[in-house]
There are 2 protein chains.
Amino acid sequence: MTQTRRERLHDTTREEIKDAARAQMTKEGTAAVSLRAIARAIGMTAPALYRYYSSRDELITALILDAFNALADAMLNAYDHAPANNPLDQMKAVMIEYRAWAVAHRVDFQLIYGNPIPDYHQTPEVSALTALASARSFEPLVRATETAIRMELIVPPDEYVNLPAEILNPLKTQIERYGYDISPTTFYLVIMAWGHGHGLIMLELDGHLQPIVGDVTTLYAHRVNDLLRQMGSTVRE
Amino acid sequence: MTQTRRERLHDTTREEIKDAARAQMTKEGTAAVSLRAIARAIGMTAPALYRYYSSRDELITALILDAFNALADAMLNAYDHAPANNPLDQMKAVMIEYRAWAVAHRVDFQLIYGNPIPDYHQTPEVSALTALASARSFEPLVRATETAIRMELIVPPDEYVNLPAEILNPLKTQIERYGYDISPTTFYLVIMAWGHGHGLIMLELDGHLQPIVGDVTTLYAHRVNDLLRQMGSTVRE
DNA sequence: CGTATGATGTGAACTATGTTTACTAATACA
DNA sequence: TGTATTAGTAAACATAGTTCACATCATACG
């Protein structure tokens, strides 16, 4: 792990390039990542960038992985800072943070969950990494939900306990595959919450929600609270 | 409305250009619309396209408006073909169609709800048109929901009837502004359903859902049925 | 019927882009 | 100090959107 001076400088420049790319995406959109523009911004010529990233695709891959990890970190952090003995508050905190991060880092969120960038092609190894990072983002929510159910702070209605076989079986398979120690009900509820939150966030980012509901923060918080109620939260707000 | 032969040919070519553009997007992604490639595909040179669209942006605008209208038509059609006296089935049909259209027309759906295309800039007039088309898409769902509530096929739980002021007021404002004849509860429930369905669809299109739940069609249908239950449907499936 | 007009198309040119190649300048290490 | 590696450049190639000057040809009019 000992880095030579050269390696340190190299890494610094790699970060500088990513920062310039992010700045550019923020201004012009995720798809507008231009090597030549990045080079101009940091006072180099375009071919020099190839000393740091073997192609535009590799640079974009680095940005995507960074974004995934930052989101996962943010959600884990929200989980850690919520009251440890209160899984319901943990669930809320993580759900709220999902949107907060998306709004505060629109570009990175679009990089993860938006349209693919034109001409960008992901290698299978990278897909595996992003899938892992994606799963890591929602581990806190899964854990909090499972705990809430075990503590009977959430008593899910029968619909979510006795799931029909065609829904139940794939969930079971997935749980076994990853060796999770959770019930299919937990898994189903998390997917429900994820889908709901994700949809509201996407609509907000595309500008479809704000003109309709005014303050989206308020609506989102209300929806999160209501989601817990729908899940069978036994604690009134 | 009488068209000369020339105008007819002109319109035909405009359609041919759009078709080529759609074919290209389907193959290479929404952002990869290339005038030169379109020209090649239909046996012309790129500058010739400027006789039909004054720029790449204007072509993309045409594609976006087409997509919006096609989605609205599809949802209205689903509404019309559901049993007229059964608003619950109408609601289901429209929600199911929303996903079905998105999956069958991924590219057009991304054009509407995905990342903006790089360097594409929308004029305010176009934004107004798309907002209108977007509203038109969800009119059937709004109407069916309002009817279901009036017929007491849906009796929404208290949470959705007595909405907190900070949620209620923006909804009321919006309803007045468009002169809709619906209750804020209807509006809230539609936003809830829209957000939920939209999120699941986006996750599916990005490939995040299928590996987790296997058959997404089954999960989505299950979620739609459960949404009606959450809204307070008095009819058991 | 012949002619002028306007629509339709082409090819060259301009500014961008990502990428490769050949070359130079600087740095680190023996 | 000498040498191998690294960091950077300039030139070149193919791609893109767009503009311009020009040719062609069907239509409309005198």
Side-chain angles (χ1 to χ4, degrees), chain A residues 2-25 27-64 116-123, chain B residues 2-18 20-25 27-64 115-123:
Chain A
T2 57
Q3 283 195 102
T4 69
R5 177 182 141 74
R6 256 204 180 139
E7 286 168 341
R8 257 192 349 260
L9 284 176
H10 194 89
D11 284 0
T12 306
T13 307
R14 275 178 69 97
E15 287 301 318
E16 197 181 345
I17 292 170
K18 283 196 289 187
D19 287 343
R22 274 186 279 260
Q24 199 182 322
M25 287 194 304
K27 255 182 76 179
E28 303 282 342
T30 49
V33 185
S34 150
L35 291 189
R36 291 186 120 108
I38 293 170
R40 270 195 300 275
I42 61 180
M44 293 205 305
T45 57
L49 299 180
Y50 284 76
R51 302 284 172 193
Y52 301 92
Y53 296 95
S54 70
S55 69
R56 180 170 173 271
D57 276 13
E58 205 191 276
L59 170 59
I60 293 173
T61 295
L63 293 171
I64 291 177
I117 292 179
D119 301 328
Y120 171 68
H121 294 291
Q122 212 164 56
T123 64
Chain B
T2 56
Q3 281 194 104
T4 70
R5 177 182 141 76
R6 259 212 179 132
E7 285 170 341
R8 255 190 354 258
L9 285 177
H10 193 89
D11 285 358
T12 306
T13 308
R14 274 178 70 97
E15 287 302 317
E16 197 182 346
I17 292 171
K18 283 196 288 186
R22 276 187 277 259
Q24 199 182 324
M25 287 195 305
K27 255 183 77 179
E28 303 282 343
T30 49
V33 185
S34 151
L35 291 189
R36 291 188 120 107
I38 294 170
R40 271 194 301 275
I42 61 179
M44 293 204 307
T45 56
L49 299 181
Y50 284 77
R51 303 286 174 194
Y52 301 93
Y53 296 94
S54 70
S55 69
R56 181 170 173 269
D57 275 13
E58 205 191 277
L59 169 59
I60 293 174
T61 295
L63 293 171
I64 291 177
N115 275 6
I117 291 180
D119 301 328
Y120 171 69
H121 294 291
Q122 212 164 57
T123 64

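In what follows, chains carry the letters A, B, and so on, assigned in the order in which the sequence lines appear, proteins first and then strands, with residues in each chain numbered from 1.
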In this structure, which one of A/Leu35, A/Thr61, A/Ile17 forms a side chain to side chain contact (heavy atoms under 4.5 Å, CB included) with A/Tyr53? A/Ile17
Distance under 4.0 Å to a non-hydrogen atom of chain A counts as contact; along DNA chain D, which nucleotides mark the start and end? D/dT5 to D/dA12
Considering every strand and a 4.0 Å limit on heavy-atom distances, what is the contact class for A/Arg14: base, sugar-phosphate, or nothing? nothing
For residues 44-52 of chain A, run the donor-acceptor check on the side chains, cut-off 3.5 Å, and write out each pair with its distance to 0.1 Å, sequence neighbours left out.
none

Contact nearer the 5' end of DNA chain D, comparing B/Ala37 with B/Leu9: B/Ala37
Between B/Thr45 and C/dT10, does any side-chain N or O lie under 4.0 Å from OP1 or OP2? yes
Sorted by chain and residue number, the salt bridge (charged side-chain N to carboxylate O under 4.0 Å, His left out) partners of A/Arg56 (sequence neighbours excluded) come out as none
Results of salt bridge (charged side-chain N to carboxylate O under 4.0 Å, His left out) for A/Glu15 - residues two or more places apart only: A/Lys18
Test of understanding: with side chain to side chain donor-acceptor pair (under 3.5 Å), list the residues that count as partners of A/Thr13, not counting sequence neighbours. none
State which of C/dG18, C/dT10, C/dT20 makes the closest approach to the side chain of A/Arg36. C/dG18
Test: side chain to side chain donor-acceptor pair (under 3.5 Å). Region: residues 30-42 of chain A. Which pairs qualify, not counting sequence neighbours? A/Thr30-B/Asn115
Starting at atom CZ of B/Arg8, determine the distance to atom C1' of C/dA7, rounded to an integer number of angstrom. 16 Å
Separation of C/dG6 atom C1' from B/Glu7 atom CD, nearest Å, is 13 Å
5' precedence on DNA chain D between A/Pro47 and B/Arg40 (nearest-nucleotide basis): A/Pro47
Got a sec? Which of residues 48-63 of chain A come in under 4.0 Å of DNA chain C, heavy atoms? A/Tyr50, A/Ser55, A/Arg56
Name all residues meeting the side chain to side chain donor-acceptor pair (under 3.5 Å) criterion together with A/Asp19; count only those two or more places apart in sequence or in a different chain, and write none if there are none. A/Arg22
Residues in side chain to side chain donor-acceptor pair (under 3.5 Å) contact with B/Ser54, at least two apart in sequence or another chain: B/Glu58
